[in-house]
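Because the structure is a prediction, the values reported are computed rather than measured. Per chain, numbering begins at 1; letters A, B, ... match sequence-line order.
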Amino acid sequence: MKGMMVIRPYGYEIWELLRDQLDRMFKETGHRNAYFPLFIPESFLKKEAEHVEGFAPEVAWVTSGGGEVLEERLAVRPTSEAIICSMYAKWVKSWRDLPLLYNQWANVVRWEKVTRLFLRTTEFLWQEGHTVHATAEEAEAETLQMLGIYRKLAEEYLAIPVLTGRKSDSEKFAGAVRTYAIEMLMPDGKALQAGTSHNLGQNFAKAFNIRYESKEQKLEYAWQTSWGATTRLVGALVMTHGDDSGLILPPRVAPIQAVIVPISAGNWQQTVLPQAQKIFGALKAAGLRVHLDDRDAYTPGWKYADWEMRGVPVRIEIGPKDIEKQQVVLVSRLDRKKSFVSWDSLAGELSMLLERIQGELYNRALAMRDANTRQASTYTELLEVMAGSRGFIRCGWCGSPDCEVKVKADTSATIRVILDEPDPGLKSCVVCAQKALHTVIFAKSY
RNA sequence: CGGGGCGUAGCGCAGUCUGGUUAGCGUACACGCUUGGGGUGCGUGUGGUCGGUGGUUCGAAUCCACUCGCCCCGACCA
C-alpha cells in the first residue's frame, strides 16, 4: 500500500518514548484520554462547511460493509472534530461541565497524493486534543498552553529548536479561527510543521450545537480548541540529528542510551563477560536504558559501526585491559571521543555524558538553523535566497493574501509562521513595500 | 494529478540499447576454521515468478501494450 508504514520495534520505541512525555505533560495540565470511533458518517463531517471543504480531497470512504452497500458512506477519520463534537453536543449542558479537556491517541488516514515516509504518510499515528471552554479567553489560553507543550517536547526532548507563531489564513486548519504551529528547519533547507494548536472559536459549537447554560442562565455556544502532533516527529528526529555514520538519537528519547560492547578476545566469555553483565545490571538499576551486546558472531569493530548507525548516544567498551584497571571506556556518538571511567563512578559519569550529548545536539541543531535563517528586506533578496540556499527567510508582510500568493507562485515558499513580536527593523512588506503589519518566516515546506 | 527517472536474491547493483548456454557481482545469511580494543581472513553452501498481466517471437530479464510500486520536480495538501 502506497504511503503506509511499518514501524519495527526499535523505531516504535522512539515513538513510545516521546508519546509518553507528551502524555505526561497533557495529564499534568488536567487532560484525560478518551477514544472515539474510527468511522465518521458523512452527514457529521458535512456539518462544518469550511472543515469538510478542507478535508474532502483527502478522505477515504467506506461504502459497503457486511456484503451490503451502506445507506450513508463512512469517512475513515482524517481528524476527529466531527465525531467528537457530535458527542460533546450531548455532554455539555451547563457551565459546570466546562472545561472539557480530552485527548485521543489514535491513527488517522489522509489520502495524500504525494507521500513521504514518516513525514507525510497515508495512515499515521497521532494524538488529538479536543477541549471545550466557557469563554473565548479560556480557549485562547488553552491553545497557547498546548503550543507551549509542543515546544517543550521538541526542544527539551527531541533537541530540535522550533519557531512558534500563528499561521496565515491560507495555512490555517479548515474550520479554525486561528492556528498556531511549531515549525522546524531541516538540514536540507525545508521547513517542517511539527505540531499544531487550533483555536476553533465557536465554529464547531455552532455547527454541532454545543451549548451550555451560563451562571446568568443564558444559553451560550461553547468555545473550543484542538491540537495534534504525529509520527512525523520521528522523521524530524532522524533528519535533524543524523550524520554520515547514521542516526544520532537524543538520550532522552533513545530506546538504548548506552550499549555495552565487551571486547571479545580469547576466552572473553569467562574473563570479560561476567563484569560486563555486572555493569549492565548496575546501570539498569540506576534507571538508564542500557543494552549488553554479547553476540559472539560479530567483532567489536562491527558492533561499533552497527550501534552508531542506530544512533545509540554512548558506547561502553570493556576489555581485558579495563578489567585489570577496573575501568570502562566511554565513547560519545557525537565525536567518538573516548574517556576512561572507573566502575564505581560509572553511573554518575554516564548520566552526565548523556546530558552533555542532549545539550550538544540541541546546540548543533540551533547553529544549523541560525546559519540557514536569513533576512530579506526587498523582493530581490527574497528571490535570491530562495534560488540559492533556501532555509528560513525573515521578512515584513503587509498581511495581504495577494502578496503571500505571489511569493508562492514565484518561489513555492509559503509563510510558515507569523512571529508573535514584529521586528521593528522590518518596516515594509517584502513584496509590495507597503507598511508591514507582521514579521513572517517564509520557507519551502515538506 | 502533470513532467522525468527507476523496479533483476534481504540490501546495493551489472546484464536490457543489439532477444539465444545453467541470469551474474558485491554484501547479507548458514556451516567450518581463523580472528577479536574500528565493519577479521579463508573456504564451502543457501537464496531468483528478472514488480505484475497480456502480447510479439521457434525463443523474452531484454521488444510492445497495459498495470502496480518507489524516487525527483511541479500542482494539491491543517
Side-chain angles (χ1 to χ4, degrees), chain A residues 1-5 8 48 50-59 78-81 108 110-117 119-122 124 126 128 166-183 188 190 192-200 226-230 232 245-246 260-269 271-273 276 293-310 315-325 327-331 333 336 338 340 405 408-417 444-446:
Chain A
M1 259 304 297
K2 179 178 150 79
M4 303 299 240
M5 60 180 163
R8 297 216 276 175
E48 213 290 330
E50 189 184 328
H51 185 62
V52 67
E53 195 185 326
F55 279 101
E58 41 186 318
V59 170
T79 179
S80 301
E81 273 76 8
V108 287
R110 295 181 189 181
W111 218 264
E112 300 283 357
K113 285 176 180 158
V114 178
T115 58
R116 247 186 116 88
L117 197 64
L119 300 186
R120 175 172 281 107
T121 46
T122 304
F124 54 90
W126 79 341
E128 47 179 326
R166 272 184 68 182
K167 287 284 181 178
S168 67
D169 282 352
S170 67
E171 296 279 329
K172 81 171 170 55
F173 177 72
V177 172
R178 270 190 295 282
T179 287
Y180 297 88
I182 59 169
E183 203 75 25
D188 64 355
K190 285 188 179 177
L192 189 72
Q193 178 175 301
T196 48
S197 188
H198 316 291
N199 185 331
L200 303 178
S226 70
W227 25 275
T230 75
R232 175 181 270 191
S245 304
I260 302 169
V261 178
I263 302 307
S264 41
N267 58 341
W268 66 280
Q269 277 153 330
T271 55
V272 177
L273 190 58
D293 188 352
D294 58 3
R295 291 176 292 180
D296 189 34
Y298 299 102
T299 60
W302 195 94
K303 292 177 181 177
Y304 298 169
D306 192 40
W307 292 112
E308 280 172 9
M309 189 179 71
R310 294 174 200 281
R315 176 173 76 241
I316 303 173
E317 300 173 15
I318 178 162
K321 286 183 261 177
D322 305 307
I323 299 284
E324 274 174 38
K325 297 181 192 164
Q327 65 172 26
V328 296
V329 185
L330 294 190
V331 186
R333 174 65 180 81
R336 296 183 184 174
K338 294 188 175 189
F340 301 87
V405 165
K408 188 170 184 187
D410 291 347
T411 68
S412 83
T414 51
I415 294 178
R416 302 322 303 156
V417 286
K444 273 193 72 140
S445 75
Y446 271 104

So which nucleotide from [options] ends up closest to the side chain of [X]?
X      : options             : result
A/I263 : B/G74, B/G36, B/C76 : B/G36
A/A265 : B/G36, B/C73, B/G38 : B/G36
A/R116 : B/C76, B/C72, B/G38 : B/C72

Compare side-chain N and O positions of [X] against OP1 and OP2 of [N] and report whether any pair is under 4.0 Å apart.
X      : N     : result
A/K408 : B/C76 : yes
A/Y298 : B/A28 : no
A/K167 : B/C77 : no

Handout entry: Side-chain ion pair, A/K167 and A/E183, N-O less than 4.0 Å
Key =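 Salt bridge between A/K167 and A/E183, a charged N being under 4.0 Å from a carboxylate O: yes.
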Applying a 4.0 Å non-hydrogen cut-off, can you work out what [X] is touching in the nucleic acid: base, sugar-phosphate, or nothing?
X      : result
A/D169 : nothing
A/P262 : nothing
A/E81  : nothing
A/G319 : base

Problem - Side chain to side chain, A/F173 and A/F55, heavy atoms closer than 4.5 Å - result: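 With C-beta onward as the side chain, the pair touches.
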Practice task
For residues A/E81 and A/H51, determine if any side-chain heavy atom of one lies less than 4.5 Å from a side-chain heavy atom of the other.
Solution key: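 SC-SC contact between A/E81 and A/H51 confirmed.
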Is there a Watson-Crick or G-U wobble partner for [N] with both distances under 3.5 Å, and if so, which one is it?
N     : value
B/U44 : B/A30
B/C6  : B/G69
B/C17 : none

Taking atom [atom1] in both [N] and [M], what distance in whole Å separates the two?
N     : M     : atom1 : answer
B/G3  : B/C13 : C1'   : 27 Å
B/U62 : B/A9  : P     : 15 Å
B/C11 : B/C29 : P     : 14 Å
B/G15 : B/G24 : P     : 16 Å

Problem - side chain to side chain contact (heavy atoms under 4.5 Å, CB included) against A/S245, all qualifying residues, sequence neighbours excluded - result: A/D243, A/E308, A/R333, A/R336
Fill in the blank from the handout: Separation between CD1 (A/I263) and CD1 (A/I323), nearest 0.5 Å, reads 10.5 Å
Handout entry: Non-neighbouring partners of A/T411 that pass side-chain hydrogen bond (donor to acceptor under 3.5 Å, both in side chains), sequence neighbours left out
Key = none
Handout entry: side-chain contact (heavy atoms from CB on, under 4.5 Å) assessment of A/E58 paired with A/K113
Key = CA-CA 8 Å; A/E58 41 186 318; A/K113 285 176 180 158; over 6 Å; no
Handout entry: Letter per nucleotide, 5' to 3', of nucleotides 2-7 of chain B [B base touched, S only sugar-phosphate touched, - untouched; heavy atoms, 4.0 Å]
Key = ------
